[in-house]
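Before any comments, here is the structure.
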Amino acid sequence: MAAPRILLIIGGGIAAYKAIELVRLLRKSSMVVRCVITRAGEQFVTPLTLAALSENKVYTSLFDLKDEVEMGHIQLSREADLVVVAPATADLLARMAAGIADDLATTLLLATDKPVLAVPAMNVRMWLHAATRRNVATLRGDGVTVMEPDEGEMACGEYGPGRLPEPEAIKAAIEAALSSPLPLAGGVGGGPVASLVLPLDDSRFSTDTPSPSPSRKREGHIDGQPDFAPANHRPLFGRRILVTAGPTHEPIDPVRYIANRSSGKQGFAIAAAAAEAGAEVLLVAGPVPLSTPPGVTRVDVETAREMAAEVEASLPVDAAIMVAAVADWRAADTAPQKIKKDGSGAVPPLALAENPDILAGLAKSAQRPPLLIGFAAETNDVIAHAEAKLARKGCDWIVANDVSADPMGGETNRVHIVSKAGVDSWDRLPKQAVARKLMEKIADELESRLPLERD
Ligand code: C5P
């Protein structure tokens with residue numbers, strides 16, 4: 001197989017320095033890398049460094065006529081298997097979403113017919129700003145893959161989501177995009193643009209959504225057009241999907257709680273992928289500092305009992321994906337005031353009570369979703385434990401998650417989908433890729449269990 005060709009567009013942000021390491025990693029994996037750097041990007045890294053590491057010419061200006069003779073900008077934009085924008089600043093994302101082509105980078109992004117992966121990096125407030133949320137939703141709607149930024153302390157001293165993911169994680173996302181079954185390019189590739197085929201219908205997000213029914217029609221279909229244009233792959237359009245994610249916190253007193261190390265990343269990636277695939281998504285999230293993926297309706301909860309109540313309130317749904325790491329036990333009694341040390345060395349008694357099993361309860365409920373999926377984090381005998389859990393919980397699939405090598409909070413996951421039909425084992429993939437692959441499988445399963453009537 002020919003070496004994958006990456007066109008790497010480097011925007012102007014402090015995180016641009018990580019692009020240097022990314023180029024090194026991609027070259028180490030024998031990918032061909034051609035770099036384009038914006039004028040602002042040049043303030044942070046030099047074209048010379050990028051040229052030396054990529055062993056390729058670096059492009060900076062639209063008006064470099066010599067480059068037009070050697071290679072036109074249209075050719076440059078298409079002579080790649082994947083276009084990667086890293087770091088994608090708020091400004092660059094906004095210009096991409098608006099279709100502005102006022103420099104070499106944005107002109108290439110508008111001219112390309114190849115999949116685009118954008119890796120955002122910006123201040124937390126900028127990432128959470130309504131304008132950026134809107135731009136990211138637009139880009140995802142156009143078929144651009146926008147990675148979730150990392151959260152943590154930022155160069156500016158603030159804390160939250162907005163950090164450029166580590167180069168290893170970007171590389172994993174690039175590899176996933178190169179092998180992705182999903183078409184990634186937006187409004188390109190010869191297919192009709194998204195808005196012509198499936199106009200966004202806000203009523204899908206209204207609260208009085210019709211109950212899941214085999215006779216429900218797909219909305220937005222236009223006669224004579226294919227149901228899904230290649231650039232607008234929405235296999236879950238018309239479906240209502242519930243996702244639980246994150247840990248739960250069980251209070252001991254007003255300042256202490258029982259918790260676990262769940263980061264919520266896999267659940268949020270699943271909610272994001274379900275929305276990308278066109279579903280109406282309800283996300284019941286435990287306490288995690290992650291931003292809500294575009295198109296997802298989120299309810300925040302603290303405790304298992306609150307989560308159980310919100311899950312019940314969200315029914316009926318076509319599929320429920322229970323990714324949350326729900327605390328098995330809570331404090332039997334919550335102290336109304338902070339428990340104090342009395343200096344005697346005596347420890348306070350901590351009696352525990354069992355929490356409701358939300359997944360098992362849902363399996364037995366009158367409104368059991370037609371497709372009910374549980375998760376299981378295991379360190380050993382992964383499949384045997386998952387098979388036992390499948391029977392115990394009464395769900396349809398268990399996504400067994402091997403956490404022996406990469407504990408909770410990592411960027412990748414190796415999963416086995418265990419069902420009565422057998423075991424489907426996947427390679428280790430970035431959590432975003434696991435989520436997208438899972439959506440394909442869910443869409444197929446729902447189509448066979450609960451076909452939607454098409455025009
Ligand atoms: O029993 P265990 O916690 O290993 O099961 C994991 C699966 O069950 C996950 O899908 C999790 O979301 C779900 N679960 C639940 N309510 C609980 C415990 C687990 O929904 N109280």
Side-chain angles (χ1 to χ4, degrees), residues 241-251 257-271 273-274 281-288 290 298-315 317 319-332 352-365 367-404 407-409 413-420 431 434-435 438 441-442 445:
I241 295 198
L242 166 71
V243 181
T244 66
T248 62
H249 285 181
E250 310 295 336
Y257 56 82
I258 300 169
N260 61 63
R261 293 185 191 280
S262 168
S263 67
K265 284 182 189 169
Q266 183 65 83
F268 273 60
I270 283 172
V281 184
L282 306 155
L283 172 65
V284 181
V288 283
L290 297 177
R298 168 179 180 175
V299 183
D300 285 323
V301 297
E302 290 265 330
T303 66
R305 288 186 293 177
E306 285 167 15
M307 186 172 275
E310 288 300 338
V311 163
E312 202 184 329
S314 68
L315 300 176
V317 293
I321 314 166
M322 314 295 279
V323 198
V326 184
D328 290 317
W329 301 283
R330 64 178 183 274
L352 298 178
E354 193 167 320
N355 267 330
D357 190 317
I358 308 170
L359 174 59
L362 200 51
K364 289 192 209 112
S365 90
Q367 297 200 86
R368 183 194 194 281
L371 182 59
L372 182 55
I373 302 170
F375 264 65
E378 306 288 356
T379 52
N380 60 301
D381 299 322
V382 176
I383 301 202
H385 284 310
E387 279 166 346
K389 196 161 287 183
L390 184 74
R392 202 167 62 242
K393 302 265 185 181
C395 54
D396 300 299
W397 301 350
I398 285 283
V399 180
N401 186 350
D402 187 344
V403 292
S404 56
M408 285 172 161
N413 233 341
R414 172 158 164 68
V415 302
H416 311 266
I417 318 292
V418 179
S419 70
K420 279 193 190 131
K431 287 180 173 173
V434 170
L438 195 58
K441 197 173 166 81
I442 289 172
E445 188 69 22

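The model shown is predicted, which means the values in this text are computed figures rather than measured ones. Whatever order the structure lists them in is the order used to number ligands and atoms, beginning at 1.
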Is there a donor-acceptor pair closer than 3.5 Å between any side-chain N or O of [X] and the backbone N or O of [Y]?
X: Asn260; Y: Ala325; answer: yes
X: Gln266; Y: Val323; answer: no
X: Thr248; Y: Ala327; answer: yes
X: Arg330; Y: Glu354; answer: yes

Ligand 1 to Gly374, heavy atom cutoff 4.0 Å, flagged ligand atoms 10 (O)
Per-atom filter on ligand 1: closer than 4.0 angstrom to a heavy atom of Met322 are 9 (C), 10 (O), 11 (C), 12 (O)
[X] near ligand 1 by a heavy-atom separation under 4.0 Å:
X: Asn355; answer: no
X: Ala324; answer: yes
X: Met307; answer: no

Which heavy atom of the protein is the closest neighbour of [atom], given with residue, atom name and distance?
atom: atom 3 (O) of ligand 1; result: Asp328 OD1, 4.1 Å
atom: atom 4 (O) of ligand 1; result: Lys389 NZ, 2.4 Å
atom: atom 9 (C) of ligand 1; result: Phe375 O, 3.1 Å
atom: atom 19 (C) of ligand 1; result: Lys393 NZ, 3.6 Å
atom: atom 17 (C) of ligand 1; result: Val326 CB, 3.5 Å

Checklist entry - Any N or O of Thr244 that comes nearer than 3.5 Å to an N or O of ligand 1? => result no
At under 4.0 Å between heavy atoms, what of Pro356 touches ligand 1? The answer is backbone
Logged contact type for Leu359 with ligand 1, heavy-atom cut-off 4.0 Å, is both
Candidates Ile358, Ile398, Ile373, Ile321; heavy atom nearest atom 15 (C) of ligand 1 found on Ile358
Side-chain heavy atoms of His385 within contact of Asn380, under 4.5 Å | yes
What's the separation between atom [atom1] in [X] and atom [atom2] in [Y], rounded to the nearest 0.5 Å?
X: Phe375; Y: Ile321; atom1: CZ; atom2: CD1; result: 7.5 Å
X: Glu250; Y: Asp328; atom1: CD; atom2: CG; result: 9.5 Å
X: Ile373; Y: Leu242; atom1: CD1; atom2: CG; result: 11.0 Å

Worksheet entry | Sidechain N-carboxylate O distance under 4.0 Å for Arg368, Asp396 | yes
